[in-house]
Engineer: 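I am attaching a structure below and will ask some questions about it afterwards.
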Amino acid sequence: MAVQKCYYCNKELNDEDLVIKPIPLATKRGIRNYKRKFHIDCLPKFLGENKDLEFKKLENDDWDKVYEYFKSQVLELPDGASLSQHAVERLLGLRVGQYKPGRRNVRVVKKGYSFSTIYYTLVYSLQAIKRAQKTVNFKNEKHEIDYIMVIVNSNINFVQKRLLAVEKQNKKVEKIKKENEDQQRKVTYKHKGTGKRKVDLI
């Protein structure tokens, strides 16, 4: 029997903490409800993030950056051209860590790689991609795109680790900055008749 996995976090599901929820997903025939399995704790997180329009907008903006960069910088397609379906499916597959996502929804799920990570990995991989485009005799565009994805996949974990390290460092800096600001607010200066300044901690 296949291992059941949570639709939100992609971790293994046990029967005791499993909940099934119909989720509306976009298909070629319009919006349809598909039953998806979640951890009981993951379902409210998924529903909350799906209601968060700002989060959705951020994901859409990051996807646009991925799409445009792959089109203009990686494949160097002219203005007005569109990526092939194969290229789009391979890029969306990166989002959930698959070759192609099929009919799976790739938005607002905590697995695979964010579109932001994919974008920075494309930027990081560009020189290696350009070398391959000059030296490899591709059979067709599909072969070229699949070859490019091998390069991207070889770099994406490294890039993600670097991005997480930067994010962690930024959070640490922000925490220190906030602590310093809080400390400054606790300090008040009072003037005495002698003209000397006294520092009081409240």
Side-chain angles (χ1 to χ4, degrees), residues 5-10 23-34 36 46-47 49-167:
K5 291 191 175 181
C6 175
Y7 185 69
Y8 178 77
C9 69
N10 205 37
I23 302 297
L25 299 176
T27 70
K28 292 178 181 179
R29 296 182 179 180
I31 303 296
R32 294 183 60 187
N33 284 322
Y34 290 90
R36 294 291 182 248
F46 176 84
L47 295 175
E49 289 181 2
N50 267 280
K51 290 177 182 176
D52 188 343
L53 296 179
E54 186 176 344
F55 187 85
K56 281 186 175 181
K57 183 180 184 304
L58 182 62
E59 271 227 314
N60 288 336
D61 290 345
D62 286 342
W63 164 248
D64 289 342
K65 282 174 64 177
V66 168
Y67 185 100
E68 288 301 321
Y69 190 85
F70 197 83
K71 183 181 80 169
S72 62
Q73 300 300 315
V74 176
L75 297 183
E76 297 183 10
L77 298 178
D79 292 341
S82 299
L83 290 180
S84 67
Q85 183 178 351
H86 183 68
V88 170
E89 288 176 342
R90 289 306 314 272
L91 289 169
L92 291 175
L94 284 174
R95 175 66 183 82
V96 287
Q98 297 177 352
Y99 178 78
K100 288 184 179 181
R103 294 183 177 180
R104 288 188 65 84
N105 185 40
V106 301
R107 306 299 174 94
V108 201
V109 289
K110 297 292 184 184
K111 58 184 173 181
Y113 305 94
S114 70
F115 288 131
S116 179
T117 297
I118 295 168
Y119 170 77
Y120 285 113
T121 306
L122 289 173
V123 174
Y124 179 83
S125 306
L126 189 62
Q127 287 187 343
I129 292 169
K130 291 304 176 188
R131 282 195 297 271
Q133 288 171 325
K134 290 176 181 177
T135 56
V136 178
N137 185 23
F138 299 116
K139 298 174 184 176
N140 49 42
E141 188 189 63
K142 181 178 181 295
H143 180 209
E144 179 183 5
I145 289 166
D146 286 344
Y147 196 99
I148 289 168
M149 290 301 166
V150 171
I151 296 172
V152 173
N153 273 310
S154 70
N155 291 323
I156 198 162
N157 284 330
F158 172 76
V159 172
Q160 186 176 52
K161 285 178 183 177
R162 292 285 297 272
L163 291 173
L164 289 173
V166 169
E167 182 182 355

Engineer: How long is the straight-line distance from CD1 of Ile151 back to OG1 of Thr121, given to the nearest 0.5 Å?
Structural biologist: 12.5 Å

Engineer: How about Lys130 and Glu76: do any of their side-chain heavy atoms sit closer than 4.5 Å?
Structural biologist: yes

Engineer: Can you check whether Val74's main-chain N or O pairs, donor with acceptor, with Gln133's side chain at less than 3.5 Å?
Structural biologist: yes

Engineer: Check the pair Ile148 / Leu75 against side chain to side chain contact (heavy atoms under 4.5 Å, CB included), numbers first and verdict last.
Structural biologist: CA-CA 10 Å; Ile148 289 168; Leu75 297 183; 4.0 Å; yes

Engineer: Drop me the distance from Ile118's CD1 to Leu122's CG, to the nearest 0.5 angstrom.
Structural biologist: 7.5 Å

Engineer: Between Asp146 and Lys142, does any NZ, NE, NH1 or NH2 come within less than 4.0 Å of an OD or OE carboxylate oxygen?
Structural biologist: yes

Engineer: Testing the basics here: between Tyr147 and Ala132, what is the closest heavy-atom pair and its distance to 0.1 Å?
Structural biologist: CE2-CB, 3.6 Å

Engineer: Could you check whether the rings of Phe46 and Tyr8 sit parallel, tilted or perpendicular, using 30° and 60° as the cut-offs?
Structural biologist: perpendicular

Engineer: Would you name the heavy atoms of Ser84 and Glu141 that are closest together and state the gap between them?
Structural biologist: OG-OE1, 3.2 Å

Engineer: Is there side-chain contact between Tyr34 and Ile23, with heavy atoms separated by less than 4.5 Å?
Structural biologist: no

Engineer: Just so I know, are the side chains of Trp63 and Leu92 near enough to count as touching, which here means a heavy-atom distance under 4.5 Å?
Structural biologist: yes

Engineer: Assess the residue pair Phe115 and Asp64 against the criterion (side chain to side chain contact (heavy atoms under 4.5 Å, CB included)); give the C-alpha distance rounded to whole Å, side-chain angles, the decisive distance to 0.1 Å, and a yes or no.
Structural biologist: CA-CA 9 Å; Phe115 288 131; Asp64 289 342; over 6 Å; no

Engineer: Between the side chain of Arg90 and the main-chain N/O of Lys100, is any donor-acceptor distance below 3.5 Å?
Structural biologist: no

Engineer: Are there over 12 heavy-atom neighbours, none belonging to Tyr69, within less than 6.0 Å of that residue's OH?
Structural biologist: yes

Engineer: Can you find a pair of side-chain heavy atoms, one from Tyr120 and one from Ser114, that are under 4.5 Å apart?
Structural biologist: no

Engineer: Find the distance between CG (Asn153) and OH (Tyr99) and round it off to the nearest 0.5 Å.
Structural biologist: 11.0 Å

Engineer: Got a second to check how far Leu77's CG is from Glu68's CD, nearest 0.5 Å?
Structural biologist: 10.0 Å

Engineer: What residues, two or more places apart in sequence or in another chain, satisfy side-chain contact (heavy atoms from CB on, under 4.5 Å) together with Tyr124?
Structural biologist: Asn155, Phe158, Val159

Engineer: Does Lys5 NZ have over 12 foreign heavy atoms under 6.0 Å away?
Structural biologist: no

Engineer: Can you find a pair of side-chain heavy atoms, one from Tyr119 and one from Asp62, that are under 4.5 Å apart?
Structural biologist: no

Engineer: Check whether any side-chain heavy atom of Leu91 lies under 4.5 Å from a side-chain heavy atom of Leu83, and answer yes or no.
Structural biologist: yes

Engineer: Might you work through the side chain to side chain contact (heavy atoms under 4.5 Å, CB included) test for Met149 and Leu94, ending with a clear yes or no?
Structural biologist: CA-CA 9 Å; Met149 290 301 166; Leu94 284 174; 3.9 Å; yes

